[in-house]
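Reading through the structure tokens given below for one structure.
Numbered from 1 within each chain, the chains take letters A, B, ... in sequence-line order. We use all heavy atoms of the structure for the numbers below, so side chains are in, but hydrogens, waters and symmetry mates are not.
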Amino acid sequence: MTELAKHYDHQAAQARCRGLWDSLRAWHAEAPAPGTPAGRVFSIVIPPPNVTGALHLGHALNNTLQDILVRARRMQGYRTLWMPGTDHAGIATQAVVERRLLEEEKLSRHDLGREALVARIWAWKEQYEKRILGQLRDLGASCDWDRTRFTLDEQCAAAVREAFLRLFKRGLVRRGKRLVNWDTFLQTAVSDDEVFHEEVKGHFWHIRYDVIDPQAGEPLSVTVATTRPETLLGDTAVAVHPDPAAALAGVEQELRAKRAAAAAKEQVAIDAALEDLAARRRDLLPLLETLARMARAGRQVRLPLLGRAIPLVADEWAKPELGSGCVKITPAHDPNDYDVGRRQSLPMINILEPNGTLNAEAGPYQGLTIKKARDRVVADLEAAGQLERVEDRLIELAHSDRSKTPIEPYLADQWFIRMAELAQPAIDAVASGRVRIYPDRYARGYLDWLSEKRDWPVSRQLWWGHRIPIWHVTGVTEGDLAAAFGGHDSIHWTSDGSGGWFVCSSAENLPTETVAGKALVRDPDVLDTWFSSALWPHSTLGWPAATPELAAFYPTSTLVTSRDILTLWVARMVIMGVFDTGEIPFHEVSIHPKILDRYGETMSKSKGNGVDPVDVIEALGADALRFALAGMATETQDVRMPVDFQCPACGHLVEQTTQNRTKPRLDCPKCGQPFRTQWATSEADLALPRGPAVSEKFEAGRNFSNKLWNATRFVLMALEGGEPVGPISADVVAHGELADRWLASRLASVAREASKAIDEYRYAELARILYGFAWDEFCSAYLELSKPRLADPATRDQARAMLVAGLDTILRLLHPIMPFVTEEIWQQLRVAAGDRRMPWDGPGPLSESIMQARWPTPPETWTDERTERQFGTFLAVVGAIREIRARQNVPPRTKVPAAIRAAADVADLLEPMRPAIESMATVELTALGPAAGGAAGATTATAAGCDVFVDLADLVDVDAEVARLEKDNAKTEGFIKAKRAKLGNETFTARAPEAVVSAERAQLAELEERLAKGEATLAALRTRKANAGG
RNA sequence: GGGCAGCUAGCUCAGUUGGUUAGAGCGCUACGUUCACACCGUAGAGGUCACAGGUUCGAAUCCUGUGCUGCCCA
């Protein structure tokens, strides 16, 4: 056979493995024929990545974890489906394409028109979907690629229309006015989740509104303050608190309570606030009381600039403790004012056009942008003498996450889905445990959010998405509609409340465009992207059709997702899944952490701190990436991932920082060569070599792959020229040598632990268990031990068989985490040990791919705690000898004599391990037993109740040994002192469990013995030194 | 403002119902290219478990409070 390369070549292996898996379609899941039992089923739908852009490390994590579950279940014999696909991500994708359109062609979407823009976005989608699916395949994701879906494809669209129609028929869809977050750049409403707040420098303008016909004792004007003076054009009232005295008293009471609990330092500030409050009561309260009376009397003030008369109203939104105590009310352009407007039945005047310019309501300011209108309004107020003063102030300003432009609150007609009825089943599903969330603390956020049952605004003024399947028609009668659409189960209509009709259809188009000569006008809006996402588990399986897939794979088994979309997505899937199918969409939800950068910030495209997983896959391998990600997926917290750019010229690592992370090119500080980053766009930059973003975190995984590879090389060399390895017999395990029984026992425990970790979604633990076992136990211990046995014809075959068994089992257990290297090795073993058979294998030849191999389920009888303890003693003895060698600087290849003093039973156990000890510790054992001892002054160590003597004769550095022993003994004395104190404490001995107390006693005895030995050795050494010196 | 989480070695993180002398990987130090692997081996150094109280025979672990960080919701 050909010699294996010394290093594992991940690039070649990845290509080979993907080819094999594709040719076998090993990732494919077939639904059983109708009427036949499905057997054990495991199904997952992928959280569809947005086609906005390429995948980053967060996606790599999410998909690695899913693949771990999927590959493990497949090997465990489940009928396993992993449904892949992507999300059209409505606003996000449209925003990206629109921004590019503007930057590159200076065109707006209106220049292009609806159809052309949508065509552009489809082109973008094709490009990124391809890229994303490619990245997933590079990662090793074993999705059923034949089933790939897209949230906007025909199948999903049909599901969306059907689901919407059903909601419509149930009266759960309503049309209503709502103050929305208006993005004036994209000209659409965006959800609260798509808004971020940023502090910006602004001003606080104090404006006087004149009182109309002031009477004796009444003020001539009231002053209000605002950060947005142009909104006064839409004012419909000025509010004052209905009972300012009581409000002030309430505030004062709160402050006093706070002061009583506050630290002295804070009390100063509170005292100042209290003084201010007292001053207000003295100076301002009488005026506010007057204004409250005037409000109740229905008095009015005159709106500056426009001259409109608007009422004074009494409303608790006005805070007497702030500013002038009065506040202007602009219901159509401020969320709080909107509430006041509803409470006080005020008119709501919208002063904005969708593009952010002022409309006719703004009178002389019509046509101006908000910014220009603001300047003009301020100037005019000043000229009119209505501007009292201006303050500088920092303002929390809402921005659109998509366009990065300021959000304008805006009153608009929207479609809503009523949640009152829909939310309850989704709440019950989690509360009752039918849907289980891991870790379970996340259930609370889910329940809290749903319990608010706020209506879901689902319309978006976008062009990219599922068009709302509603048509509007006026001037017709219900009879006309019945005549046109009666008998169509797919069509339903309701009154629009003002004489017209809304017609909803689950078909792509209505059978007619007019009713009684009146045109049906389709709603221009599209649905919130989360609407189609909410249907993902059942729409991908073919709903509303009763497909075999839906029958077999729905409800799905597990949803794997990041915690931040628990409400946005997970909750809505439960809602819609239950509504549409009557069943929950998944039984369990596995929540995983987020990956943060070195500053603890979330990775995002806009920050430029993301990492392309393909960088890592190319440089270190998909397995290295997956191993590292799995190892980071703990239950508790997010993970920091400091990232470096790797110089392509010299390999030097350049720390990624806030300064350099968005740069298209960087110069290597070591070799001076420039390289490009993922942000390069200019031709000059693109011509440079790429400096991939990497992290040392992935190197452990790469090293691990290589370790496995080299262990394989060793095993294959051992197999060369020997008898073929047949089935692993139970007899071998029961009566084999200690090392073999130990390995079998460990394989059994590790397989059990690994299976449990997978069941409980403890991915990091899974990685740790397997890494530790493969490296420290199989490679460092068992493999080393096998060396002398392989040299002995009497023990050779047995050692070979167990080496293969161990490696085979490790490969299978590791396959879900590291599919490529395990597959590559599996292929090697098929050649070298193709006749092997593990007890858990069925009849017939071993599977062609490890993907289809059986998950290890070693029999309980393999586990033997006594054997594991014995083996522990052996390892401890070897460790003790090595320690002596290391601290005395004995050259590694120098064989030295050693003796082990051990109790008879222990010595009996160690006896067969003689060659192993000699080989692993490079010693020659001169004695082993209760009477064994060393020459005077021999260097000693104690391990697992055995004393190890190594006679180094002249090799010993006596001074160093004396110093070390002194330090050691002092340390032991410290422990003894602590133990004696503990055991001398009567409450401890009386109250602690007997087992704990006796363990402490045993330890004390052991420590005392150790000290005695240490002191004896020290004395002997001193004697020797004195002799040598004399 | 409310909620959740985190604070453990230089860095990134484990630590299962409270119980030996708190662990891993990377990094660091010393020694070693030996026949699977220098992407390696052997050994070592390195921690007042954020801080302050409390419960307990015993606290990284349970309780209370404080500080800082992150996220979610208002």
Per-residue pairing states of RNA chain B in dot-bracket (Watson-Crick or G-U under 3.5 Å; . unpaired, | other strand) read (((((((..((((.....[...)))).(((((.......))))).....(((((..]....)))))))))))).

Does the side chain of [X] reach to within under 4.5 Å of the side chain of [Y], using non-hydrogen atoms?
X        : Y        : result
A/Met632 : A/Phe627 : no
A/Ser705 : A/Met818 : yes
A/Ile565 : A/Trp530 : yes
A/Ile817 : A/Thr64  : no

Check every strand shown and say whether [X] touches a base, only sugar-phosphate, or nothing at a heavy-atom separation below 4.0 Å.
X        : result
A/Leu620 : nothing
A/Ala711 : base
A/Glu784 : base

Taking [M] as the reference, what is the distance to [N] when you measure between their [atom1] atoms (whole Å, please)?
N     : M     : atom1 : value
B/A30 : B/G47 : C1'   : 22 Å
B/A43 : B/G6  : C1'   : 35 Å
B/C7  : B/C49 : P     : 13 Å
B/U56 : B/G70 : C1'   : 33 Å
B/A59 : B/G46 : C1'   : 24 Å
B/C13 : B/G27 : C1'   : 14 Å
B/G25 : B/A9  : C1'   : 12 Å
B/C51 : B/C11 : C1'   : 23 Å

Between [atom2] on [N] and [atom1] on [X], what's the gap in Å once rounded to a whole number?
X         : N     : atom1 : atom2 : result
A/Leu1004 : B/U21 : CG    : P     : 12 Å
A/Ile976  : B/U21 : CD1   : P     : 13 Å
A/Phe704  : B/A36 : CZ    : C1'   : 15 Å
A/Leu596  : B/A5  : CG    : P     : 17 Å
A/His592  : B/C71 : NE2   : C1'   : 15 Å
A/Arg762  : B/A14 : CZ    : P     : 11 Å

Identify, between A/Asp448 and A/Val715, the residue whose nearest nucleotide on RNA chain B lies closer to the 5' end.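 Going by which nucleotide is closer to the 5' end, it is A/Asp448.
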
Map A/Glu765 and A/Thr922 onto RNA chain B by nearest heavy atom, then report which one ends up closer to the 5' terminus.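 This one resolves to A/Glu765.
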
Look at the side chain of [X] and decide which nucleotide, out of [options], has an atom nearest to it.
X         : options             : value
A/Asn710  : B/A36, B/G15, B/U20 : B/A36
A/Val996  : B/G19, B/A14, B/G25 : B/G19
A/Pro993  : B/C4, B/A36, B/G19  : B/G19
A/Ala700  : B/A38, B/G3, B/G25  : B/G25
A/Gln1003 : B/C39, B/G25, B/U20 : B/U20
A/Ala992  : B/C37, B/G19, B/C73 : B/G19
A/Tyr771  : B/G25, B/G19, B/C4  : B/G25

Using distance only, find each side-chain donor-acceptor pair of residues 765-776 of chain A under 3.5 Å and give its atom names and separation, not counting sequence neighbours.
| residue | atom | partner | partner atom | Å |
| --- | --- | --- | --- | --- |
| A/Glu765 | OE1 | A/Arg762 | NE | 3.1 |
| A/Glu765 | OE1 | A/Arg762 | NH2 | 3.0 |

Looking only at side-chain N and O atoms, does [X] come under 4.0 Å of OP1 or OP2 in [N]?
X        : N     : result
A/Lys594 : B/A5  : no
A/Lys787 : B/A36 : yes
A/Asn703 : B/C40 : yes
A/Arg441 : B/C4  : no

For nucleotides 41-45 of chain B, tabulate all protein N/O to nucleotide N/O atom pairs closer than 3.5 Å, reporting atom names and distance.
| residue | atom | partner | partner atom | Å |
| --- | --- | --- | --- | --- |
| B/G41 | OP1 | A/Lys707 | NZ | 3.1 |
| B/G41 | OP1 | A/Trp775 | NE1 | 2.5 |

Under a 4.0 Å N-O cut-off, is there an ion pair linking A/Arg796 with A/Asp792?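 A salt bridge is absent here (no side-chain N lies under 4.0 Å from a carboxylate O).
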
Looking at A/Glu1008 and A/Arg980, is any side-chain nitrogen of the basic one under 4.0 Å from a carboxylate oxygen of the acidic one?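 Salt bridge flag = yes for A/Glu1008 with A/Arg980.
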
Side-chain donor or acceptor of A/Glu1000 under 3.5 Å from a matching atom on the base of B/U20?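 Under the 3.5 Å cut-off, the side chain and the base do not form any donor-acceptor pair.
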
Has the side chain of A/Arg702 got a donor or acceptor that lies under 3.5 Å from a partner of the other kind on the base of B/C39?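 Between B/C39 and A/Arg702, which were checked side chain against base, a qualifying N/O pair under 3.5 Å is present.
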
Can you check whether A/Trp449's main-chain N or O pairs, donor with acceptor, with A/Arg454's side chain at less than 3.5 Å?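 The answer is no, because no donor-acceptor pair under 3.5 Å joins these two groups.
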
Closest non-hydrogen atom pair between A/Thr561 and A/Asn62, with its separation: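 Closest pair (atom of A/Thr561, atom of A/Asn62, distance): CA-ND2, 3.6 Å.
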
I need the minimum non-hydrogen distance between A/Pro409 and A/Ile407, along with the two atoms involved.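 Heavy atoms only, the tightest pair is CD-O, 3.8 Å.
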
Would you tell me whether A/Asp623 and A/His10 have side-chain atoms, one donor and one acceptor, within less than 3.5 Å of each other?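 The answer is no; no qualifying pair exists.
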
Give the ring-plane orientation class for A/Phe778 versus A/Tyr782, where under 30° counts as parallel, over 60° as perpendicular and anything between as tilted.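 Ring orientation, 0 to 90° scale: parallel.
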
